[in-house]
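The next block holds one structure in the form of structure tokens; read it before the comments.
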Amino acid sequence: MTEHERELLEGMDAVTAARRLLGCELVRTIESRELRVRIVETEAYDQTDAASHSYNGRTQRADVMFGPAGHLYVYFTYGMHHCCNIVAGEEGFGSGVLIRAAEPIEGLDVMEVRRGRSGHEMTNGPAKLCQALGIDRRLNGHDLAKSPMRLEMRPALPAQAVTATTRIGISKAADMPWRFYVTDSGFVSKR
DNA sequence: TGCCTGATGTTCT
DNA sequence: GAACATCAGGCAC
């Protein structure tokens, strides 16, 4: 991700960024290996949204969501899982994009071992993706322009390639259509 | 295929 | 003390 691309993300609200990040790639360097995946499913969250961690203000946990765009917000949930978001929007306004699923492109052997699973079961869920890529709270606040985890932007997908639905696994604001996925991808999470 | 449940730590009320 | 942006395994149909 270049500085120019970071500024573009800064200028987007969470919903716009969630659509725009589909098709983009994450590159994770770990144990001398490079793991690469293509983002195929996202959800938008911001501070006006009761389901968002940023809804109750700038708490310690969600602080990174209020920081500069293009950084990684990692949280720990259900006592055993990590999930990651890409921060979007202006600094001071808490918004981000949950990365729910991705297609493995490079380093599949490493992801298989890390997950103990193969095929779409490696990365078709937010916590599965984090396990496959070795993402935990040590990467919270990391700048995605740098190693050991980078975001590589790709051309925006045509609108017809993207499906929008309600988000998964939330109880508040559950009727907002802020989940997006690549319609023909076989790596999208279950409903 | 679909529903139910256990695992297990952090955050917020 | 409850809720939680989840996952995997078990069992019924």
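In what follows, chains carry the letters A, B, and so on, assigned in the order in which the sequence lines appear, proteins first and then strands, with residues in each chain numbered from 1.
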Quick one: which of B/dT8, C/dA5, B/dT10 gets closest to the side chain of A/Tyr45? C/dA5
A/Met176 has an atom CE; how far is it from atom C1' of C/dA5, in whole Å? 16 Å
So what's B/dT10 paired with, Watson-Crick or G-U wobble, going by both distances under 3.5 Å? C/dA3
Over all heavy atoms of both residues, which pair between A/Lys172 and A/Ile170 is shortest? Give the atoms and the distance, please. O-CD1, 3.5 Å
With the side chain of A/Ile170 defined as its heavy atoms from C-beta on, choose the nearest nucleotide among C/dA5, C/dT6, B/dC12. C/dA5
Measuring to OP1 and OP2 of B/dT10, would you say a side-chain N or O of A/Thr77 lies under 4.0 angstrom away? no
Looking only at B/dT10, C/dC4, C/dC7, the nucleotide nearest the A/His81 side chain is C/dC7
Measure from the side chain of A/Glu121, starting at C-beta and using heavy atoms only, and say which of C/dC4, C/dA8, C/dC7 lies closest. C/dA8
Closest listed nucleotide, where the reference is the side chain of A/Arg117 and the choices are B/dT10, C/dA8, B/dC12: C/dA8
Whole-Å distance between C/dA5 P and A/Tyr73 OH? 9 Å
Think A/Arg61 has a side-chain N or O under 4.0 angstrom from the OP1 or OP2 of B/dG9? no
Let's see if you can work this out: which of B/dA7, C/dT6, C/dA8 has an atom nearest to the side-chain heavy atoms of A/Ala127? C/dT6
Taking CG from A/Asn140 and C1' from B/dG9, how many angstroms apart are they, rounded to a whole number? 16 Å
Should the ring pair A/His120 and A/Phe187 be called parallel, tilted or perpendicular, given that the plane angle runs from 0 to 90° and is split at 30 and 60? perpendicular
No-H, no-angle donor-acceptor pair, A/Tyr78 side chain to B/dA7 base, under 3.5 Å: no
Between C/dC4, C/dC7, C/dA5, which nucleotide gets closest to the side-chain atoms of A/Ser171? C/dC4
Under 3.5 Å for both donor-acceptor distances, Watson-Crick or wobble: does B/dT5 have a partner, and if so which one? C/dA8
Nearest-Å distance, CZ (A/Arg114) to C1' (C/dC7)? 16 Å
Any chance you could lay out the salt bridge (charged side-chain N to carboxylate O under 4.0 Å, His left out) test for A/Arg6 and A/Glu91, step after step, and finish with the verdict? CA-CA 12 Å; A/Arg6 196 198 66 75; A/Glu91 201 162 343; over 6 Å; no
Value in whole Å for how far the C1' atom of C/dA3 lies from OH of A/Tyr75: 13 Å
Using only side-chain N and O atoms of A/His53, determine if any of them is under 4.0 Å from OP1 or OP2 of C/dA5. yes
How long is the line joining CG of A/Asn56 and C1' of C/dC4, in whole Å? 13 Å
Using a heavy-atom cut-off of under 4.0 Å over every strand shown, decide if A/Ala51 touches base, sugar-phosphate, or nothing. base
What pair of heavy atoms forms the shortest contact from A/Met122 to A/Pro104, and how long is it? CE-CG, 3.8 Å
Measure the distance from NZ on A/Lys190 to P on B/dC3 and round it to the nearest whole Å. 14 Å
Interatomic distance, A/Phe76 CZ vs B/dA7 P [rounded to whole Å]: 15 Å
Relative to A/Phe76, does A/Arg137 satisfy both conditions: NZ or CZ under 6.0 angstrom from the six-membered ring centre, and within 45 degrees of the ring's axis? yes
If you look at every strand shown and take non-hydrogen atoms under 4.0 Å, does A/Arg100 touch a base, only sugar-phosphate, or nothing? sugar-phosphate
Looking only at heavy atoms, what is the nearest atom pair of A/Leu98 and A/Cys84, with distance? CD1-O, 3.5 Å
